[in-house]
Amino acid sequence: MSIYVGNLSFDVQQEDLKEVFAEYGVVSRISLPTDRETGRPRGFGFVDMASSQEEAKAIEGLDGAEWMGRTLRVNEAKPR
DNA sequence: GTTGAGCGTT
């Protein structure tokens with residue numbers, strides 16, 4: 001299970017995401033995909049937590065929250 | 001600016 005985090009600021013780094021999600025549990029994996037053609041950040045990311053309970057809490061606590069001047073969109077990620 | 005690849009044998 002993993003979390004989709006959308007509407008991110010383009011200058012957010014993996015460490016920043018980890019910091020925020022660590023508030024809700026153990027972050028086991030972070031992914032911030034960049035546009036393969038342009039190398040630019042795509043403005044969204046993926047976070048995996050150690051447990052689905054922690055993920056649920058993170059989604060609950062962070063979806064719709066304002067961060068880095070943008071309103072976060074957080075929910076369960078679709079399968080790649 | 002809203003759902004991740006990548007040339008290998010997980």
Side-chain angles (χ1 to χ4, degrees):
Chain A
M1 183 176 179
S2 53
I3 306 173
Y4 163 79
V5 189
N7 205 38
L8 286 172
S9 171
F10 277 179
D11 50 29
V12 166
Q13 305 298 312
Q14 291 193 359
E15 309 86 69
D16 301 317
L17 257 192
K18 185 173 182 177
E19 217 176 294
V20 171
F21 277 82
E23 184 178 345
Y24 297 88
V26 178
V27 177
S28 54
R29 179 176 151 227
I30 300 273
S31 177
L32 278 181
T34 52
D35 190 308
R36 200 151 172 267
E37 305 296 309
T38 68
R40 284 186 168 196
R42 297 194 57 185
F44 64 90
F46 294 91
V47 179
D48 281 38
M49 306 289 288
S51 76
S52 54
Q53 288 83 3
E54 292 173 345
E55 293 190 336
K57 286 195 305 180
I59 292 171
E60 188 73 24
L62 292 174
D63 186 35
E66 197 173 294
W67 188 52
M68 307 288 285
R70 302 189 58 82
T71 303
L72 295 179
R73 302 276 81 147
V74 184
N75 56 75
E76 177 166 353
K78 299 173 184 175
R80 173 161 45 161

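Treat the numbers as computed from the prediction; the structure is a model and nothing was measured.
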| query | Using atom C1' of each nucleotide, how far apart are B/dT9 and B/dA5 to the nearest Å? | reply | 16 Å
| So, A/Thr34 side chain and A/Gly39 main chain: donor-acceptor pair closer than 3.5 Å or not? | no
| Is a donor-acceptor pair below 3.5 Å formed from side chain A/Arg36 to base B/dG6, judging by atom type as modelled? | yes
| Counting side-chain heavy atoms from C-beta on, which of B/dT2, B/dG6, B/dG4 comes nearest to A/Arg73? | B/dT2
| message | I'd like the C1' distance from B/dT2 over to B/dG6, given in whole Å. | response | 23 Å
| When all nucleic acid strands are considered with a 4.0 Å heavy-atom cut-off, which category describes A/Leu32: base, sugar-phosphate, or nothing? | nothing
| Integer-rounded Å distance: B/dT3 P and A/Leu17 CG | 16 Å
| Contact class for A/Arg40 vs. all strands (heavy atom < 4.0 Å): base, sugar-phosphate, or nothing? | nothing
| Please give, in whole Å, the distance from B/dT3 P to A/Asp35 CG? | 12 Å
| query | Rounded to the Å, how far apart are A/Arg42 CZ and B/dT2 P? | reply | 9 Å
| Separation of atom CD1 in A/Ile59 from atom C1' in B/dT2, rounded to whole Å | 15 Å
| query | What is the distance from CZ of A/Phe10 to C1' of B/dT2, rounded to the nearest Å? | reply | 10 Å
| request: Give a yes or no on whether A/Gln14 atom CD has more than 12 heavy-atom contacts from other residues, nucleotides or ligands under 6.0 Å away. | output: yes
| 5' priority, DNA chain B, between A/Asn7 and A/Ser31 [closest heavy atom] | A/Asn7
| said: Under 4.5 Å side-chain heavy-atom separation, chaining through any Ile, Leu, Val, Met, Phe, Trp or Tyr, what else clusters with A/Phe21? Say none if it is isolated. | reply: A/Ile3, A/Val5, A/Leu8, A/Val12, A/Leu17, A/Val20, A/Tyr24, A/Val27, A/Ile30, A/Leu32, A/Val47, A/Met49, A/Ile59, A/Leu62, A/Trp67, A/Met68, A/Leu72, A/Val74
| request: Could you work out the separation of B/dC7 and B/dT3 based on their C1' atoms and round it to a whole Å? | output: 24 Å
| query | Within this structure, what is the CD-to-C1' distance between A/Glu37 and B/dG6, rounded to whole angstrom? | reply | 12 Å
| query | Can you find a donor-acceptor pair, distance only, under 3.5 Å between A/Thr34 side chain and B/dG4 base? | reply | no
| task | Mind listing the closest non-hydrogen atom pair of A/Arg73 and A/Asn7 along with its distance? | result | CG-CB, 3.9 Å
| Base, sugar-phosphate, or nothing for A/Phe44, non-hydrogen atoms under 4.0 angstrom? | sugar-phosphate
| request: Can you tell me the distance, in whole Å, between the CG atom of A/Leu62 and the P atom of B/dT2? | output: 20 Å
| Backbone N/O of A/Gln13 and side chain of A/Asp16: donor-acceptor pair under 3.5 Å | yes
